[in-house]
*Asks:* 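For reference, the structure I am asking about is given below.
Given the structure is predicted, the values throughout are model-derived calculations rather than measurements. So you know, we letter chains A, B, ... as the sequences are listed, proteins then strands, and number each from 1.
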Amino acid sequence: MSAVAGTGETAMGRRLALFLLLAPAFLWIGLLVILPHVEIAILSFSQRVAARVYTFGFANYLEFLTEPVYWRTFARTALLSILVTLVTLVISFPVALYIAKFARGKSKPLLFLLCLIPFWASELVRTLGWMMLLRETGILSHLLQAIGIVGQPVEFLYNDGALILGLVYGGMLFMIVPLTNALESLETAQIEAGYDLGGSHLTVLRRIIIPHAMPGIVAGSIVVFMLTVGNFVTPVMLGGKNGLWFTEQIYSQFITRFNWPQGSAFGFMLLLLSTGIVWVGLRLTGQGFSETLRRS
Amino acid sequence: MSQLADLALVGVTKDFAGHKAVNDVSFEVAPGEFFSILGPSGCGKTTLMRMIAGFEHPTSGDIRIRGQSMLGVPANRRPVNMVFQSLALFPMMSVGENIGYGLACAGISRAEAGPRIARILDKVGLGGFADRPVTRLSGGQRQRVAIARCLVLEPTLVLLDEPLGALDLKLREHMKLELKQLQAAFNTTFVYITHDQSEALVMSNRVAVMNHGRFEQVGTPRELYHHPATSFVAGFVGDTNMWSGEADGSRGPGTWIALETGAELVGSGLAKGAAKAYLRPEAVALAGSLAELAGLPNRFAGKVSTVLFDGAASTLVIRADKFPMLRATLPQAGPLAGIEPGADIAFGFTPEALKIFDGRGA
C-alpha cells in the first residue's frame with residue numbers, strides 16, 4: 001500500500017519537476033514573444049476616432065498601402081536586404097571554405113577568432129569605426145587626397161553603398177559560422193575525387209562543394225536576412241537621408257509621432273515580410289526549415 | 001620498355017620539410033598489369049600514389065604516363081583515376097550521377113553518357129542501380145560504384161588506395177577476387193596500394209615492397225615470398241619465424257648462424273656478424289623421431305608447447321633445448337594431425353629455407 005501511495009507521489013513530483021524545468025522557457029516565450037505580439041496585433045487594428053477614443057479597424061494598414069513613402073521604404077528594405085544577404089554570402093563563402101578546408105593547424109582557430117574579434121565591440125562602435133574611415137574628413141578621403149587621386153575631400157557616407165557595406169560587415173560572422181560548420185563536414189577526399197575525375201574548379205564548386213554546403217548557406221542566409229531587415233543602427237548612421245530603412249519608419253511612428261497603432265501595423269508588416277521571404281527562399285532552394293536548423 | 005610502359009617513375013623524391021617521404025623511387029608498370037605497392041603505414045606509399053594522381057608534386061624526378069611527363073599536369077588533366085580509401089562517393093548524387101560525373105566533366109553529352117553508364121553498371125554487376133542513392137548501398141556495392149566511376153572514363157591507369165580497408169573480413173576476401181576479375185575483364189592497368197600483404201600477393205602480377213620511402217624489392221608475389229632480397233621483405237611478406245644471432249660465412253658450405261639462445265643452424269644468404277634468420281612455418285618438416293629427418297642438416301628434437309588449430313592454417317608452437325620458440329605449420333592430412341601439447345616431436349628444415357640477412361638496421 002505504501003508502494004501505491006509512493007507512485008502517486010512520484011508521479012506528482014515528476015509533473016512538478018517537469019513544470020519547473022519548463023517554466024523559464026514558457027515565461028520567456030510567453031512574456032517576451034507572444035504577449036508583445038498579441039499587444040502589437042491588437043494595437044495595429046485600433047484606429048483613433050477622437051482624442052483617447054479608439055475603435056477596431058484597418059485604417060493603419062490602409063495608411064501603409066495608400067501612402068507611397070511607406071510601401072516604397074518597405075520594398076526598398078526588402079530588396080536591399082536580399083542584396084545584402086547575397087553579397088554577404090558571396091564574400092563569406094571563400095572565407096568559410098578557406099577556414100574549413102585549407103587552413104592548417106593553429107591558423108584555423110586564429111582565423112575564426114579574427115572573424116569574431118569585431119563582434120566584441122557593440123554594433124554602434126563598429127559602425128562608428130566605418131564613419132571614421134568613410135566621412136568627408138575621414139581616413140579614406142585623406143588618403144586619396146594624399147596620393148593625389150582626388151583634389152578635394154570626398155564624402156563616402158550617407159549613400160546606399162555605405163549602407164550595404166555596413167550591413168554586409170555586420171552580417172558576415174553570422175554567415176561564416178554556419179558555412180564553416182557545413183563545409184567542415186565535407187570530406188577532403190570528395191573534393192579530390194571531384195578533381196581526379198576531371199572536374200574543373202567551377203565543376204567541383206558547383207556540383208560537390210555547394211550542394212554539400214547548402215544547409216549552411218540557407219541557415220546563414222536566413223540569419224543574415226533577418227538581422228539585416230530588422231537592423232536599425234546601421235541604416236540610421238550610414239544611410240542617406242533620402243533612403244530610409246523600414247525600421248526607421250517604425251521608430252518614428254512609435255517615438256517621434258507617438259502613433260503606436262500605426263507603428264504596430266508597420267511592425268507586423270515587417271514580421272510578415274521576413275517570414276514571407278524566408279519561406280520563399282526555403283522553397284526556391286528546396287530545403288526544409290527544421291532540417292536546416294538540425295543540420296547547421 | 002620506357003616507351004611501352006603505362007606508368008614510369010624515374011628517381012622520384014618527395015621532401016616534406018627535411019623528411020624524405022619518398023626517396024629516389026623508380027619503377028615501371030606494363031600495360032594491363034596489376035601492380036601493388038606494399039608497405040607498413042608511414043612508409044610513403046600514400047604520398048607516392050598522391051604524386052601519381054597529381055595531388056602532390058615530386059621534389060625531384062619524373063612521372064611519365066605512356067611516355068608523357070606528368071610534371072605540371074594538374075590532377076584533373078591526367079589519364080589517371082583513383083579509388084579513394086574512403087571511396088569518396090558523392091553522397092548527394094545517385095549511383096548513375098556518380099558515374100556520370102566524370103563523363104560530364106569530359107564534355108560527353110547526356111544522350112551518349114546514359115548507355116555508357118548502363119553498360120558499366122552491368123559489367124560490375126549493378127545493372128538497374130542507376131537511380132539508387134549511394135547512401136542506400138552495401139559496402140561491396142559502394143566499392144563497385146567507386147571502381148565503375150573510374151573505369152567508365154577508360155583511364156590509362158587506375159590507382160587504388162587501400163579500398164578494401166573499411167570492409168569486414170568476409171567481404172574483403174570476396175572483393176579481392178572480384179577486383180582481380182574486374183581488372184582482367186577491363187584489361188586496365190591497376191596500381192594498388194596496401195599494407196595488407198595478403199591483398200598484394202593474391203591480386204598482383206608484381207609487388208613492390210616499400211619501407212622508409214624506398215623500394216626494398218620489386219618482383220612477382222612468388223619471388224618476394226621465396227626469395228626476399230632484404231631482411232625487411234623477409235619479415236614483412238608472409239608469415240615467418242624471426243631469430244637473431246651471429247652469422248659466420250666462412251664455415252661453409254652454406255652460412256652458419258649461432259642463435260642468441262645457443263643453437264647453431266645452417267642457412268642461406270650473405271651475412272657476417274649480427275644477423276637475422278627467417279624461417280617460414282610451412283618450410284618446417286615435422287616427424288615423430290629425428291631418424292625420419294636424416295636428410296636435413298638442421299634437425300632438432302623438442303616438445304609441442306601449444307596447438308593453434310585454424311583448419312588448414314593450423315600451427316604448432318614448439319620448444320626445444322637451446323632453441324627459440326618456433327612456429328610450424330601442422331598439415332591436417334598427415335599422421336601428426338591429432339598431436340596434443342606435451343608430445344615429443346622432431347623438426348627440421350633445409351638450408352635454403354632459412355634466410356639469413358645482416359641484422360644491423362632492420
*Asks:* Select, from B/M93, B/R78, B/R77, the one with the greatest count of heavy-atom pairs under 4.5 Å involving chain A.
*Replies:*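 Top count of heavy-atom pairs under 4.5 Å with chain A: B/M93.
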
*Asks:* Quick one: does any side-chain atom of B/Y101 pair with a main-chain N or O of A/G194 as donor and acceptor, under 3.5 Å?
*Replies:*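 A pair under 3.5 Å: yes.
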
*Asks:* Does this structure show an ion pair linking B/E97 with A/R207, if we count only N-O contacts that are shorter than 4.0 Å?
*Replies:*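 Salt bridge absent between B/E97 and A/R207.
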
*Asks:* Whether the A/S200 and A/T203 side chains hold a donor-acceptor pair (N or O, under 3.5 Å, no angle test) is what I'd like checked.
*Replies:*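 Yes, side-chain donor-acceptor contact under 3.5 Å.
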
*Asks:* Is B/M92 close to chain A through its backbone or its side chain, or both, or neither, when contacts mean heavy atoms under 4.5 Å?
*Replies:*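 Only the side chain of B/M92 comes within 4.5 Å of chain A.
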
*Asks:* What I want to find out is whether A/R76 reaches A/D160 closely enough, with some N-O distance under 4.0 Å, to be called a salt bridge.
*Replies:*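 Salt bridge present between A/R76 and A/D160.
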
*Asks:* In terms of ring plane angle, is the pair B/F55 and B/F84 parallel, tilted or perpendicular, where the classes change at 30° and 60°?
*Replies:*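 Tilted: the ring planes of B/F55 and B/F84 meet at 30° to 60°.
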
*Asks:* Give, as side chain, backbone, both or neither, the part of B/L89 having an atom under 4.5 angstrom from any heavy atom of chain A.
*Replies:*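 The answer is the backbone of B/L89.
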
*Asks:* Which answer fits A/Q190, side chain, backbone, both or neither, if we ask what part of it has an atom under 4.5 Å from a heavy atom of chain B?
*Replies:*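 Both backbone and side chain.
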
*Asks:* Counting only non-hydrogen atoms closer than 4.5 Å, does B/A104 touch chain A with its backbone (N, CA, C, O), its side chain (CB onward), both, or neither?
*Replies:*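 The side chain, not the backbone.
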
